[in-house]
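Count residues from 1 along the sequence.
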Amino acid sequence: MRLKQLLTAMFLTCLGLLQTNAQIAPFLNEEQFRASVNLVDDFIARFNGEKEKPGTDKQDKDYETNRILYLFNGKMFKSFEDSLFLEAKNFAASVAKDGIKLSYRDTTWVAKAECCGKLKGKEIGFTLYLTVEKRKGEMYKWVITKASGDAFKLKPARKATKAMLMPDDHETNFMSLNRITTERDDYITYYANKKFVVDETSVFFSLVYSGLLNIEYVADLQFVFLQVPMYKFTIKHFERETNNAGWLIDSFKKISNKEKEEYLNYIYR
């Protein structure tokens, strides 16, 4: 019975459900560093079974499932009986059973960066979605695939029902075009055809190109993975002095193939 309790305590500690006191055991710093998933590449390697969390037992009959469970943010779970933990266990078992592997080259994972920037000197927040794109041969790069934010929607400050080009403007060589681009810049979308849809990504590129927008820093970063059948999961970086730190799974949920397709269409369209 004591052995079972000890193994349970060790597993809970690895998941971060039990806290370790770094002041009591400062010699664990090196061990914590080796246990931490320090890079996204490390996460992918551990997910794929190419690297191991120090101290894992390959002889354990639940090794493959536990290997994936170690990659979760343990603070998500309250106990082994927690319904979320049981669902995570099902997720891990599914990955192990199907032999799912992640690849840097995939187009089915996305970096989501919450950015802080300055637009005309005013601080704003917005989101950039980045994906991996092939260059040539075996070389790849990250590219900005989508931008999203209120500043890129080109919404007028208030309603202006009378903002229009008059039906006889063609008779005056459309002289009104000068007025509508010098008096109220934010009204410009009122003059577009009714089917026009603002492309926020193009607006982002235009603002940067014209020198009006600068990115100050990335305030929050997560990676979204869709490679596991019937699941979507995300990872974030957790900075803390435990064996459960670094890039870890912080959310997961079941979604259909159609939902995955819709999400990727939203990013890539």
For F91 and F72, run ring pair (Phe, Tyr, Trp, His ring centres under 6.0 Å): C-alpha distance rounded to whole Å, both residues' side-chain angles, the deciding distance at 0.1 Å, then the answer.
-> CA-CA 11 Å; F91 169 89; F72 277 82; 5.8 Å; yes
Could you give the distance from CD1 (I267) to OG1 (T108), rounded to the nearest 0.5 Å?
-> 12.5 Å
Taking atom CG of D199 and atom CZ of R269, what is their separation to the nearest 0.5 Å?
->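 Nearest 0.5 Å value for the CG-CZ distance: 8.0 Å.
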Check the pair R158, D186 against salt bridge (charged side-chain N to carboxylate O under 4.0 Å, His left out), reporting the backbone distance first and the verdict last.
-> CA-CA 9 Å; R158 60 176 183 267; D186 64 320; over 6 Å; no
Count the heavy atoms belonging to other residues, nucleotides or ligands that lie under 6.0 Å from [atom1] of [X], then report whether that count exceeds 12.
X	atom1	value
K153	NZ	yes
Y209	OH	no
E114	CD	yes
K89	NZ	no
M139	CE	yes

Judged by atom type as modelled, is there a donor-acceptor pair below 3.5 Å linking the side chain of K78 to the main-chain atoms of S83?
-> no
Over all heavy atoms of both residues, which pair between N48 and K101 is shortest? Give the atoms and the distance, please.
-> O-NZ, 2.6 Å
F47 ring center within less than 6.0 Å of F233 ring center = yes
May I have the step-by-step check of ring pair (Phe, Tyr, Trp, His ring centres under 6.0 Å) for F238 and W247, ending in yes or no?
-> CA-CA 6 Å; F238 296 89; W247 288 100; 8.8 Å; no
Geometric cation-pi criterion, K232 with F252: 6.0 Å, 45° |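 The answer is no; the distance or angle limit is not met.
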Examine K146 relative to Y266 and say whether NZ or CZ is less than 6.0 Å from the centre of the six-membered ring and inside a 45° cone about the ring axis.
-> yes
Looking just at side-chain N and O atoms, do N244 and T242 make a donor-acceptor pair shorter than 3.5 Å?
->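 On atom types as modelled, these side chains do not qualify, holding no pair under 3.5 Å.
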